[in-house]
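Order of the sequence lines sets the chain letters (A, B, ...), proteins ahead of strands, with each chain counted from 1. As the structure is a prediction and not an experimental result, all values here were calculated from the model.
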Amino acid sequence: MVMIIKTYRIERRKVPKSIARRKNWRKFGSAEKDPPGPNPANTIVQVEEILMQFVQNDEVKEEKEEDPLAKLKATKMVSCRICKGDHWTTKCPYKDTLGPIQEKLQDGDKPAGEAGAVPTPAIPGAPAQANKAGGKYVPPSLRDGPSKGKGETMQSKRDESATIRVTNLSEDTRESDLQELFRPFGPIQRIYLAKDKNTGQSKGFAFINFHRREDAARAIAGVSGFGYDHLILNVEWAKPSGTT
DNA sequence: AATGAGCGG
C-alpha cells in the first residue's frame, strides 16, 4: 500500500473544501496507529514544484511593441472613407447625408471611358449591370432608380428603443419560456436568447424587443427582481450592440 | 458578470 501526499505550497487556501477535508480522514493499514503527520516508514512525501511563467517581463513587452500589426489591431485603427473618423464607413454618422453626395461627386469626376482611377474588371459572361455604380451591390428593390421601390417598407435599421435586456436567466431557459414570460406586457417583435454559437449553450441573457416602448417599460418594472427557476431576474433597457 | 452576428478595409 502506497500513500501519496501532495503538498500544495502555492495558493494553499484555494484548495477546495472537499479536498481540504481529506486531512481529517482516519489513517488505515500499517499507518493506522501513527500519530498525525507522515511516517517515513510507510509514506512517501512527494513535493511537486510547479514553475510558473509570468507575462510581465520586458522581453514579452518588447515583442508586442515590435509587432505593428498587433498594435494596429489593438488600437482598432479604422478610418472612415467618408469622414476619416475611427469607425467603419457603414457606421458613419454622415453615411446618409455626406456619403451619397461624395459618391455623386466621384461619378462626376469619371466621365464614361475614363479608365484611369478605377479600372473595371472585365469578367467574361458577367452581367453588365453588376458593374454599374462602381461595382457596388444594389438590392433589387432599388435597381433602376429610387422611384421604383415605393411600396417597400423603408425601415432601414432595427428599432432598439423598445428592447430590454434580461440577465441572470438559468441556462435551460428557452425562447418559448421568455415568450410566455413577457407576452402579458404587450406584443413582442423579436426575442433573442444569447447562445454559444457552437455548443448552443445559453449564455444566460436575452433581448426582448417589444413593439411599444411603454410595454417594454412595464416589462422592466414587472419582471425585474422576479424569481424564475431559482434565480432572480434582472431586466434593464438594452443598449445598442457594440457598446463597450 | 453579462449588450446580440455580421459585413467591410
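- The salt bridge (charged side-chain N to carboxylate O under 4.0 Å, His left out) test applied to Lys195(A) returns Glu175(A), not counting sequence neighbours.
- The distance from atom CH2 of Trp88(A) to atom P of dG9(B) is 8 Å, rounded to the nearest whole Å.
- With a 4.5 Å cut-off between side-chain heavy atoms of Ile, Leu, Val, Met, Phe, Trp and Tyr, the cluster of Tyr192(A) takes in Phe205(A), Phe207(A).
- Shown for residues 165-175 of chain A: residues whose heavy atoms fall under 4.0 angstrom of DNA chain B, namely Arg165(A), Thr167(A), Asn168(A).
- Take Asn39(A) and apply the side-chain contact (heavy atoms from CB on, under 4.5 Å) test, not counting sequence neighbours, and it matches Asp34(A), Ala41(A), Asn42(A).
- If you measure from atom CD1 of Ile191(A) to atom C1' of dT3(B), you get 17 Å, rounded to the nearest angstrom.
- Every residue was checked against the side chain to side chain donor-acceptor pair (under 3.5 Å) condition with His87(A), not counting sequence neighbours, and none meets it.
- In this structure, Glu160(A) places its CD atom 14 Å from P of dT3(B), rounding to the nearest Å.
- Two residues are said to be in side-chain contact when any heavy atoms from C-beta on lie closer than 4.5 Å; Glu160(A) and Trp237(A) fail this criterion.
- Between His87(A) atom NE2 and dG6(B) atom P the separation is 23 Å, expressed in whole Å.
- Side-chain atoms of Arg190(A) do not come within 3.5 Å of backbone N or O of Asn209(A) as any donor-acceptor pair.
- Within residues 192-201 of chain A, the residues that have a heavy atom under 4.0 Å from DNA chain B are, in order of number, Tyr192(A), Lys197(A).
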Just list the side-chain donor-acceptor pairs under 3.5 Å for residues 179-186 of chain A, sequence neighbours left out, or say none.
none

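- The separation between Lys91(A) atom NZ and dG6(B) atom P is 13 Å, rounded to whole Å.
- Among pairs with a residue in residues 218-237 of chain A, those fulfilling salt bridge (charged side-chain N to carboxylate O under 4.0 Å, His left out) read Arg165(A)-Glu236(A), Asp215(A)-Arg218(A), at least two apart in sequence or across chains.
- No hydrogens or angles were tested; on distance alone, nothing pairs the side chain of Thr89(A) with the base of dG8(B) as donor and acceptor under 3.5 Å.
- With sequence neighbours excluded, the residues forming a side chain to side chain donor-acceptor pair (under 3.5 Å) with Thr173(A) are Ser170(A), listed by chain and number.
- Within residues 222-234 of chain A, no residue places a heavy atom under 4.0 Å from DNA chain B.
- Using a 4.5 Å cut-off between side-chain heavy atoms of Ile, Leu, Val, Met, Phe, Trp and Tyr, Tyr94(A) falls into a hydrophobic cluster with Ile82(A), Leu98(A).
- Nearer the 5' end of DNA chain B, as judged by each residue's closest nucleotide, is the contact made by Ile208(A), out of Ile208(A) and Ser79(A).
- In this structure, Glu236(A) atom CD and dG4(B) atom C1' are separated by 15 Å, rounded to whole Å.
- Here dG8(B) presents its P atom at 15 Å from NZ of Lys95(A), a figure rounded to the nearest Å.
- Applying the side-chain contact (heavy atoms from CB on, under 4.5 Å) criterion to Trp88(A), with sequence neighbours excluded, gives Val78(A), Thr90(A).
- Rounded to whole Å, the distance from NZ on Lys203(A) to C1' on dA1(B) is 13 Å.
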